[in-house]
Amino acid sequence: MATLTFLGATGTVTGSKYLLEAAGERLMIDCGLFQGEKELRERNWEPFPVPPSSIQWLVLTHAHLDHVGYIPRLIKDGFRGSVFASPATVDLARLVLPDSGHLQEEDAEYANKKGFSRHRPALPLYTYEDAVKSLESFRAADESKPLELSPRYSLRFFRAGHILGARMIEVSVRENGKIRKVLFSGDLGRERQLIIREPVVPDGADYLLVESTYGDRLHPGDDFRARLADIVESTAARGGKVVIPAFAVGRTQELLFLLRELIEQEKMHSLPVHVDSPMAVDVTDLYRRHHEDHSLGSEALESHGVKLFSPPDVHFDRAVEESKALNDAHYPTVIISASGMATGGRVLHHLARCLPDHRNAVLFVGFQAAGTRGQAIQSGAESVKIHGQDVPVRARVETMENLSAHADYGEILRWLGKFAKPPQKTFMVHGEPRAAESLKEKITRELRWEVAIPTYLQKVTL
Ligand SMILES: [Zn+2]
């Protein structure tokens, strides 16, 4: 009997990993890092629930770290199969994974230097070298036809609308003369996004795993362009800086696109916009090159060309010196830097510098998972620990959820409502308990589908 095991993204939005087993063949979908609460992060360090060498294939929905960030470790621990993904996801992973390896090393080094880790010496989960080596296993899938992995498994990819290259994955499992279709939604985009087209509606599935990040919330319907201009202008008027923690992939490009538009249309004064992320330039370049997912149309690309994601006074800071110089700058500026939930990366240095000053503002534009520094700041903490130091929060804290790359519950329900037939069973994944519970309740009530909320390491028979 085929089985499905939930190895992550249960009761949390991080650590996405699912394992399909049929006739002794193992296929894994996504391989994300756990982030946020310590209890979750520690799972990254536990022995993998099955020997990685026993898994034949890995397929990815998209290139965010909570879906791909564990791959180098899986390979280090014995996985020898191929990693399949859409061409844009493969290109993005080439940027994201080495950067993650570098970050893991930097964090371990920093912890050792400052002596604040309980592990002595603190070790990286994997290194830059491990991450670079892991890329050899990646294969760009030809999405024009089903991908036959074996007589047991075949895959189809559908646009998920979330970020560049994001796909839902439909797995057909053939066993004992029966075919069962399992659809993994991955992260599901909004109906209307700035750059990426809306999610496709697949024809249906026997089993569905659907994300529930915003399962209990609707995105505000206010004018986010005006709001962004207002936040930046009022901070600049106080002589402050706006620090925006943002994923280097997706959100950063949307912010650049919006800021350019606002300044060009004279809805906002021009000011220096710093993208303090060594990979942002390359990711932005990929966003220009991969048109297949764009909603912008060739017109926008033609009229703006390479400037599409470039406000007039934009600076892409690759070097650490540029990043440090930015810390000491005393003029109004916008700083976009990763990580998006302030769990690591260069944004921490900017937050440590900017949070204590009331003239500055911190703007959250993406989901802040429980237990992350971002969530603590967003929910009004008086101080947060950064690199072992207590940092008081005096800066203004703003949140704009309209820029989310995740569908809210209304959008998810409308998407599900278009399925030709209800799945036999639907699993709520990638949501914190309240969100998952709330979406389950709505789907049960409105669509009368059978819905379950799986628990960590739960195995179900298909
Ligand atoms: Zn994502």
Side-chain angles (χ1 to χ4, degrees), residues 8-10 12-18 29-36 40 58-71 85-86 88-93 95-97 99-100 157-169 184-191 193-200 209-215 217 219 245-255 277 279-280 283 286-287 290 293 338-345 364-370 372 374-375 401-408 411-412 415 428-432 435-436 439:
T10 50
T12 164
V13 297
T14 71
S16 281
K17 293 182 201 79
Y18 313 103
I29 289 86
D30 278 350
C31 189
L33 271 185
F34 283 106
Q35 295 161 316
L40 288 175
L58 172 59
V59 192
L60 307 174
T61 60
H62 66 290
H64 275 150
L65 276 187
D66 56 327
H67 295 257
V68 302
Y70 190 82
I71 296 174
S86 72
T89 297
V90 172
D91 283 350
L92 284 169
L95 304 173
V96 167
L97 288 179
D99 183 71
S100 171
F157 295 80
F158 299 102
R159 192 181 63 240
H162 171 63
I163 58 163
L164 190 73
R167 298 291 181 263
M168 300 169 210
I169 293 162
F184 298 83
S185 79
D187 289 2
L188 202 59
R190 304 200 56 190
E191 287 167 349
Q193 277 180 213
L194 282 174
I195 302 168
I196 301 296
R197 286 159 74 194
E198 74 294 345
V200 164
L209 283 78
V210 66
E211 72 128 320
S212 52
T213 313
Y214 286 92
R217 276 185 271 176
H219 297 310
F247 278 131
V249 182
R251 211 63 42 82
T252 296
Q253 288 69 37
E254 288 187 327
L255 284 164
S277 158
M279 25 168 225
V283 173
L286 283 184
Y287 261 74
H290 282 280
D293 292 355
S339 76
M341 296 190 277
T343 49
F364 291 102
V365 291
F367 187 79
Q368 304 299 309
T372 58
Q375 199 252 0
E401 278 178 356
N402 323 55
L403 287 183
S404 171
H406 292 271
D408 62 19
E411 290 167 315
I412 295 175
W415 179 70
M428 295 288 97
V429 292
H430 201 285
E432 287 174 1
L439 187 61

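Fair warning: this is a prediction, and the values are worked out from it, not measured in the lab. Both counts, for ligands and for their atoms, begin at 1 and track the order of listing.
Side chain of Arg159 to backbone of Gly165: no donor-acceptor contact under 3.5 angstrom is found. Here the side chain of Gln35 pairs no donor or acceptor atom with the backbone of Thr372 at under 3.5 angstrom.
Side-chain contact check for His219 and Asp408: no donor-acceptor pair (N or O, by modelled atom type) lies under 3.5 Å. Residues His162 and His64 have side chains that bring a donor and an acceptor to within less than 3.5 angstrom of each other.
Partners of Asp293 by salt bridge (charged side-chain N to carboxylate O under 4.0 Å, His left out), not counting sequence neighbours, listed by chain and number: Arg167.
For the Zn ion (ligand 1), the nearby protein N/O/S atoms, meaning those under 2.8 Å, are His62 NE2, His64 ND1, His162 NE2, Asp187 OD2.
Between His430 and His406, the ring center distance clears the sub-6.0 Å criterion.
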